[in-house]
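Just below is one structure, and these are the notes that go with it.
Chain letters run A, B, ... following the sequence lines, proteins first and then strands; every chain starts at 1. All values derive from a computational prediction rather than experimental measurement.
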Number of protein chains: 2
Amino acid sequence: MEAVLTEAVALLDEAGDSALTFRALAARLGGGVGSIYWYVASKDELLDRATDHVVGQLLSDVQERTNGDDPVDDLRVLALMMFDAIVARPWLGAYFMRNSLLQPNTLRLYDLLGQQVLRLELTPRQSFHAVSAVVGFTVGTAADLGQEPPQEILDGRVGREEYLARFADMWRALDPDEYPYVHQIADEFAHHDDADQFRAGLDLLLAGLRQQAGR
Amino acid sequence: MEAVLTEAVALLDEAGDSALTFRALAARLGGGVGSIYWYVASKDELLDRATDHVVGQLLSDVQERTNGDDPVDDLRVLALMMFDAIVARPWLGAYFMRNSLLQPNTLRLYDLLGQQVLRLELTPRQSFHAVSAVVGFTVGTAADLGQEPPQEILDGRVGREEYLARFADMWRALDPDEYPYVHQIADEFAHHDDADQFRAGLDLLLAGLRQQAGR
DNA sequence: GTGGATTATCGAACGTTGTTCTATTCTGTG
DNA sequence: CACAGAATAGAACAACGTTCGATAATCCAC
């Protein structure tokens with residue numbers, strides 16, 4: 001069982017979403033296809049368990065870093081760690097949203113975020129909304145930014161720099177009257193860093209939360 | 001071509017993600033499977049075009065509602081319309097993140113959001129981050145909340161109320177010391193409304209943005 | 001230690017999917 | 001009428017998730 005999950009995760013890490021097939025996994029485990037079905041009832045369940053498996057690792061990393069002075073700072077650290085974990089494993093993002101609250105480790109992670117918010121002493125509704133917002137923003141942004149890059153950048157034919165530069169060039173070539181924002185932002189986009197982008201958005205969200213909590 | 005996209009969207013709307021197959025689409029169009037490949041090179045392209053097709057409709061709805069007094073209020077309206085569109089079409093969320101900036105209508109929508117942010121007179125970098133944050137939060141949350149509900153709720157065997165109540169019961173049964181937040185939030189969750197949840201999070205984010213812009 | 005029940009493994013087979021390929025029909029132009 | 005390109009059609013292929021019955025390994029009461 002443990003081996004099944006480990007190899008499944010390894011397969012996902014190495015070649016992404018499409019690499020995890022029952023046949024490939026069986027070959028890797030040195031067994032038959034049917035054997036895997038003794039441990040999991042379907043591919044959906046395999047994915048769910050594999051996801052929760054790595055969330056478990058994230059969880060133990062996270063639990064050491066909590067309980068600082070400021071709840072919002074703690075929240076920030078937790079969100080950043082979640083973000084990093086998803087970016088490091090692009091396949092994670094897509095499955096993070098699915099069934100999230102049914103998997104044990106994910107629920108624990110969710111609660112850990114909630115514990116920080118509880119310290120802000122908001123109303124229950126405000127607490128609920130705050131946690132949902134942080135989770136939604138983190139997972140959504142990470143899944144968006146961490147999506148599998150196109151083939152040409154994956155095998156190193158073109159670097160990230162050049163890839164971004166292409167977009168920037170396309171956008172600069174657009175009519176500034178029709179696309180005033182995209183046209184103006186092209187330079188910024190060409191040299192942007194995903195993690196910076198996430199941190200900036202997260203800080204906006206947390207600033208709003210701070211304001212609501214009166215801190 | 002137009003008919004292909006229309007029927008593809010209809011198929012997705014009626015029975016979701018898995019219902020859109022080349023064979024089902026061909027049958028619906030009264031033609032052969034191979035014919036579709038004359039219009040689209042792959043299923044990915046079909047999905048991209050179908051997505052951009054409905055974003056086009058959203059775009060024309062959106063363009064009438066813009067240019068209010070307050071840029072942040074406009075931003076709020078735009079984000080809410082995006083959210084509603086994705087919730088109404090759960091399949092949209094998943095494909096919204098993919099290739100978003102390559103599709104013409106999506107790029108235009110992105111620019112429309114950007115135009116509101118430009119009015120706040122932030123630095124280019126701040127503008128870029130603000131738009132990214134709003135888009136990330138909106139799409140991420142909508143995709144998360146708007147995910148396909150499980151089968152039992154889809155065919156009406158159990159209502160939404162009962163479905164949520166089950167979670168609440170499970171959570172109330174947890175050890176309050178181990179899951180203080182989830183335990184406490186159970187009631188709130190049982191009666192929550194997705195749109196409220198989204199609006200509350202969006203308002204936190206926009207409050208942070210307002211603060212940054214000094215308004 | 002032996003027999004039966006449970007646990008675990010295996011790979012052939014089935015139905016469905018995206019995609020390719022070749023043959024065929026339609027359409028407009030000289 | 002002829003012919004080139006646009007457009008359609010469906011058979012065929014490989015890969016996938018899943019099912020199934022046969023078989024091996026392991027355990028446990030007697």
Side-chain angles (χ1 to χ4, degrees), chain A residues 1-53 90-92 94-95 97-99 102-103 147-148 150-152 154-155, chain B residues 1-53 90-92 94-95 97-99 102-103 147-148 150-152 154-155:
Chain A
M1 178 75 238
E2 189 69 16
V4 174
L5 261 41
T6 308
E7 291 306 316
V9 169
L11 228 33
L12 286 167
D13 282 344
E14 285 167 23
D17 226 359
S18 59
L20 179 59
T21 68
F22 277 81
R23 286 169 177 84
L25 182 55
R28 206 161 164 129
L29 290 164
V33 205
S35 305
I36 306 174
Y37 277 89
W38 197 90
Y39 296 98
V40 264
S42 68
K43 187 166 187 182
D44 272 341
E45 186 183 326
L46 176 61
L47 252 357
D48 284 342
R49 289 186 113 100
T51 305
D52 210 56
H53 188 68
W91 55 272
L92 240 185
Y95 298 106
M97 309 201 231
R98 212 186 49 178
N99 296 341
L102 283 168
Q103 307 302 327
Q147 71 188 283
E148 305 264 347
Q151 195 59 37
E152 40 189 10
L154 244 173
D155 52 14
Chain B
M1 177 74 235
E2 189 70 15
V4 173
L5 293 181
T6 308
E7 292 306 318
V9 169
L11 228 34
L12 287 167
D13 282 344
E14 284 167 26
D17 224 359
S18 59
L20 179 59
T21 67
F22 276 82
R23 284 168 180 83
L25 183 54
R28 209 165 163 124
L29 291 165
V33 207
S35 306
I36 305 174
Y37 278 89
W38 197 89
Y39 295 99
V40 249
S42 69
K43 186 165 187 183
D44 272 340
E45 186 183 327
L46 175 62
L47 252 356
D48 285 341
R49 290 186 111 100
T51 306
D52 209 56
H53 189 65
W91 55 271
L92 239 185
Y95 298 105
M97 309 200 234
R98 213 186 48 180
N99 295 341
L102 282 168
Q103 307 302 329
Q147 70 188 281
E148 305 265 348
Q151 195 58 40
E152 40 189 9
L154 244 173
D155 52 14

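Here B:Gly34 lies in heavy-atom contact (under 4.0 Å) with a base. B:Leu25 comes within 4.0 angstrom of nothing in the nucleic acid, heavy atoms only.
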Inset, instruction - Please report the C-alpha distance between B:Thr51 and B:Trp91 in whole Å, then the side-chain angles of each, then the deciding distance to 0.1 Å, and finally whether the side-chain contact (heavy atoms from CB on, under 4.5 Å) criterion is met. - result: CA-CA 9 Å; B:Thr51 306; B:Trp91 55 271; 4.3 Å; yes
Inset, instruction - Check step by step if side-chain contact (heavy atoms from CB on, under 4.5 Å) holds for B:Asp48 and B:Leu102. - result: CA-CA 9 Å; B:Asp48 285 341; B:Leu102 282 168; over 6 Å; no
Inset, instruction - Show your working on side-chain contact (heavy atoms from CB on, under 4.5 Å) between B:Leu47 and B:Leu20 and close with a plain yes or no. - result: CA-CA 9 Å; B:Leu47 252 356; B:Leu20 179 59; 3.8 Å; yes
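Summarising the geometry, the separation between OH on A:Tyr39 and P on D:dG17 is reported as 19 Å, rounded to the nearest angstrom. Across the protein-nucleic acid pair, A:Lys43 atom NZ and D:dC16 atom P stand 8 Å apart, rounded to whole Å. Regarding B:Ile36, its CD1 atom lies at a distance of 18 Å from the P atom of C:dC21, rounded to whole Å. B:Leu46 places its CG atom 13 Å from the C1' atom of C:dT19, with the value rounded to the nearest Å. Taking atom OH on B:Tyr37 and atom P on C:dA23, their separation rounds to 20 Å, with Å as the unit. Whole-Å rounding puts the A:Glu45 CD to D:dG17 C1' distance at 14 Å. Going from atom CG of A:Leu29 over to atom P of C:dT9 covers 10 Å, rounded to whole Å. Between the P atom of D:dA15 and the CG atom of A:Asp17 lies a distance of 19 Å, rounded to the nearest Å.
The number of heavy-atom neighbours closer than 6.0 Å to CZ of B:Arg49, taken from other residues, nucleotides and ligands shown, is 12 or below.
Candidate nucleotides C:dT19, C:dG11, D:dC16 were compared by shortest atom distance to the side chain of A:Arg23, and D:dC16 ranks first. Comparing atom distances between the B:Trp38 side chain and each of D:dT8, C:dG11, C:dT19 picks out D:dT8 as nearest.
Remark: B:Ser35 is not in phosphate contact with D:dA7, judged by side-chain N or O atoms under 4.0 Å from OP1 or OP2.
Taking 4.5 Å as the limit, every side-chain heavy atom of B:Trp38 sits out of range of all side-chain heavy atoms of B:Val4.
Along DNA chain C, the nucleotide nearest to A:Gly30 and the one nearest to B:Thr21 differ in position, and the one closer to the 5' end is contacted by A:Gly30.
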